[in-house]
Amino acid sequence: MLVVTWNCNSIRARMPRLLELLRTHQPDVVCLQETKVAAGLFPHLELAMAGYTAIDHSSGTWNGVAVLVPIDTDAAGCVFGLEGQPRPEEARWLEVVVRGVRIVSVYVPNGRRPDHPRFAEKLDFLDAAAARTAVLVESGPTVVAGDINVAPTDDDLWNPRRTTGRTHVTPEERDRVAVLLEQGVRDAWLQAGEGGRYTWWSNHPAAVERDQGMRIDLTLVSDHLDVRRCLVDASFRRGERPSDHAPVLTWLDP
DNA sequence: ATGGTCGGTATCCGA
């Protein structure tokens, strides 16, 4: 089972690249973040023409997550939102059961700056995510995939000196991610990653050329499942109208 | 040296 997670940074702006992703990799599950679309404008028809059904959790201009599966695959048990999340009106957490696996598409708040009120909310969101993940793992096979907006270690940064004191790298954020990883899930890339590890590069044109990136998009897999392979397809960070994130591909065995 | 670009019912703000 191939599970892809991708912060597409607007599903409507990214439709050509999303269709390319579906054609190229023919994934069994796609977790999307930052779809940035109102529910009524979600491109269900175009996706259906490409052979996919979408469950979307949409909140208009900002945020938005979705899970895509092939049209002949059953998607059930949908849960919209995360119990205990700050600002529940922001669409950042979606659970869907696909082929017996509880799939979560998550978009963790950015946090803006460590001294900003939104930063504390980011920490609260990560706490709620860890608590919910523990419940899900207890009930069966679980995959939590998405834009975590935290680089777990300095190895996940092109230049730790440049990011010290900013969001994504503070001990407070990293402690929360460490707790999340203690809930019966493991980081698929750390276990079976191949090739480049960064998943996000700034929109500064030189950032991609110079590989000045971070690994902030993670696929967390419960111990019910084997991780065969994990890779970041950085080709989607280049070419025509790319997102600022690259998709992460994870091959799982039951 | 604190830049740059991209997205959105948008001529600023968030990332």
Side-chain angles (χ1 to χ4, degrees), chain A residues 5-21 31-44 46 56-66 85-93 105-126 129 145-152 156-170 172-174 176-177 198-218 232 234-248:
Chain A
T5 181
W6 191 25
N7 180 323
C8 62
N9 189 7
S10 169
I11 191 171
R12 287 175 296 168
R14 217 61 60 211
M15 273 314 277
R17 302 308 298 269
L18 178 57
L19 295 175
E20 178 190 347
L21 177 80
C31 297
L32 296 175
Q33 302 86 36
E34 280 206 272
T35 50
K36 288 185 171 179
V37 66
L41 297 174
F42 195 94
H44 288 287
E46 282 172 274
D56 71 297
H57 183 30
S58 302
S59 56
T61 304
W62 304 111
N63 315 305
V65 288
Q85 78 172 84
R87 301 181 191 267
E89 73 280 10
E90 295 183 347
R92 296 180 175 277
W93 182 276
S105 179
V106 56
Y107 176 47
V108 173
N110 173 287
R112 303 193 187 181
R113 296 178 309 278
D115 61 354
H116 196 281
R118 295 292 181 110
F119 185 78
E121 294 180 9
K122 178 181 190 175
L123 301 181
D124 291 344
F125 188 98
L126 287 165
D147 180 355
I148 304 300
N149 264 324
V150 180
D156 300 306
L157 307 172
W158 68 277
N159 185 349
R161 279 175 53 200
R162 292 286 292 262
T163 46
T164 302
R166 298 186 178 191
T167 59
H168 296 59
V169 303
T170 65
E172 292 88 344
E173 291 163 282
R174 285 177 167 172
R176 262 65 176 198
V177 171
Y198 301 150
T199 65
W200 173 87
W201 297 257
S202 160
N203 268 325
H204 187 305
V208 176
E209 296 161 27
R210 296 173 188 166
D211 199 25
Q212 298 174 342
M214 300 172 87
R215 190 174 74 98
I216 58 177
D217 298 86
L218 308 183
V232 183
S235 73
F236 283 88
R237 184 63 186 86
R238 300 184 291 266
E240 200 73 13
R241 289 192 87 180
S243 170
D244 48 349
H245 296 249
V248 182

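Here is how names work: the chains are called A, B, and so on, in the same order as the sequence lines, proteins then strands, and each is numbered from 1. None of the values given here were measured: they were computed from a predicted structure.
Straight-line distance between the C1' atoms of B:dG7 and B:dT2: roughly 22 Å, to the nearest whole Å. For the P atoms, the distance from B:dT9 to B:dG14 is 15 Å, rounded to whole Å. Here, B:dA10 and B:dA15 have their C1' atoms 15 Å apart, quoted to the whole Å. With both ends at atom C1', the span from B:dA1 to B:dC12 equals 25 Å, rounded to whole Å. The gap from the C1' atom of B:dT11 to that of B:dC6 amounts to 15 Å, rounded to the nearest Å.
At most 12 heavy atoms of other shown residues, nucleotides or ligands fall within 6.0 angstrom of atom CD in A:Glu240.
The shortest distance between the side-chain N/O atoms of A:Ser10 and the OP1/OP2 oxygens of B:dG8 is below 4.0 Å. In this model, the phosphate group of B:dC6 is not approached by any side-chain N or O of A:Arg237 to a distance below 4.0 Å at OP1 or OP2. OP1 or OP2 of B:dT9 sits under 4.0 Å from a side-chain N or O of A:Thr61.
Between A:Phe42 and A:His44, the ring planes lie tilted relative to each other; the angle falls in the 30° to 60° range.
Between the A:Trp6 side chain and the A:His245 main chain, a donor and an acceptor come within less than 3.5 Å of each other. Side chain of A:Thr5 to backbone of A:Val248: no donor-acceptor contact under 3.5 angstrom is found.
Distance A:Phe119 CZ to B:dG14 C1': 17 Å, rounded to the nearest Å. At whole-Å resolution of the value, NZ in A:Lys36 and P in B:dA10 are 13 Å apart. Rounded to whole Å, atom P of B:dG8 lies 14 Å from atom CZ of A:Phe42. The separation between A:Asn9 atom CG and B:dT5 atom C1' is 11 Å, rounded to whole Å. When the C1' atom of B:dG8 is taken as reference, atom CE of A:Met15 falls 18 Å away, rounded to whole Å.
Closest to the A:Arg241 side chain, of the nucleotides B:dG7, B:dT5, B:dA15, is B:dG7. Nearest to the side-chain atoms of A:Glu34 among the listed nucleotides B:dA15, B:dG7, B:dT5 stands B:dA15. Ranking B:dG14, B:dA15, B:dG4 by closeness to the A:Ser202 side chain, first place goes to B:dG4. In the set B:dT9, B:dA15, B:dG7, the nucleotide with an atom closest to the side chain of A:Tyr107 is B:dA15. Side-chain atoms of A:Arg166 lie closest to B:dG3 of the nucleotides B:dG14, B:dC6, B:dG3.
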Q. What do the steps show when you test A:Lys36 against A:Asn9 for side-chain hydrogen bond (donor to acceptor under 3.5 Å, both in side chains), and what is the final call?
A. CA-CA 7 Å; A:Lys36 288 185 171 179; A:Asn9 189 7; 2.9 Å; yes

Q: Report the C-alpha separation of A:Val108 and A:Arg92 in whole Å, then their side-chain angles, then the decisive distance to 0.1 Å, and conclude whether the side chain to side chain contact (heavy atoms under 4.5 Å, CB included) test is met.
A: CA-CA 7 Å; A:Val108 173; A:Arg92 296 180 175 277; 6.0 Å; no

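The base of B:dG3 lies close enough to the side chain of A:Arg162 for a donor and an acceptor atom to sit less than 3.5 Å apart.
Taking the nucleotide of DNA chain B with the nearest heavy atom to each of A:Arg112 and A:Trp62, the more 5' of the two is matched to A:Trp62. Between A:Val37 and A:Asn110, the residue whose closest nucleotide on DNA chain B is further toward the 5' end is A:Val37.
Residue contacts for A:Arg118: at a heavy-atom cut-off of 4.0 Å it reaches no nucleic acid atom on any strand shown. Within 4.0 Å of A:Ile216, counting heavy atoms only, lies no atom of the nucleic acid at all.
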